[in-house]
Amino acid sequence: MATQEQIKAARYAIERLRDQHANDVRKLIGLLESGAMKGKAADKLIEDCKGWQAAYNNVFNRALALVDSTAVSAAPGASTPDPLALSQSRVPGVPY
């Protein structure tokens, strides 16, 4: 089981990565929409970037749901859960 501190640290790291990723993709889409690239290829790349953003948002939401569903250890120094086992667990209401 994870300690509350470990769970908070994992949540913080996931949220930071989610925000960084969202900012990077928004910047790329903004560049493309402002005319950095033109034509059908640019339009296709913009569509792909928007799809990529939606897919990764889903990944980050799933990761946060897994962190939220992690049991908290009451005893200090308790073992942490196996991340592979967590990634294979099912969270109700979260599509896979």
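One-based numbering along the sequence shown.
Counting all heavy atoms, side chain and backbone alike, Ala10 lies closest to Val67 at CB-CG2, 4.1 Å. Of all heavy-atom pairs spanning Leu28 and Cys49, the tightest one is CD2-SG, 3.5 Å. Across all non-hydrogen atoms, the minimal contact from Ile7 to Ala71 is CD1-O, 4.1 Å. Across His21 and Gln53, no two heavy atoms sit closer than the pair NE2-CA, 4.2 Å.
Looking only at side-chain heavy atoms (C-beta outward), Asn23 and Gln20 stay at 4.5 Å or farther from each other. With contacts defined as side-chain heavy-atom distances shorter than 4.5 Å, the pair Leu31/Met37 does not qualify. Considering only heavy atoms from C-beta on, Lys8 comes within 4.5 Å of Gln4 through its side chain.
One distance of note links NZ of Lys44 with CG of Leu32; it measures 13.0 Å at 0.5 Å rounding. In this structure, CD1 in Ile14 is found 12.0 Å from CG in Asp19, a value given to the nearest 0.5 Å. The CD1 atom of Ile29 sits 12.0 Å away from the OG atom of Ser34 when rounded to the nearest 0.5 Å. Distance check, rounded to the nearest 0.5 Å: CG of Leu66 to CZ of Arg62 gives 7.5 Å.
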Full working for side-chain contact (heavy atoms from CB on, under 4.5 Å) between Val59 and Arg18: CA-CA 9 Å; Val59 169; Arg18 178 197 60 199; over 6 Å; no
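Taking the six-membered ring for Trp and thresholds of 30 and 60 degrees, Tyr56 and Trp52 have ring planes more than 60 degrees apart, a perpendicular arrangement.
Ion pairing between a basic and an acidic side chain is recognised when a charged N comes within 4.0 Å of a carboxylate O; Arg11 and Asp68 show such pairing. With salt bridges taken as basic N to acidic carboxylate O contacts below 4.0 Å, none links Lys38 and Glu33.
Side-chain N or O atoms of Gln6 include one that pairs as donor or acceptor with a backbone N or O of Thr3 at under 3.5 Å.
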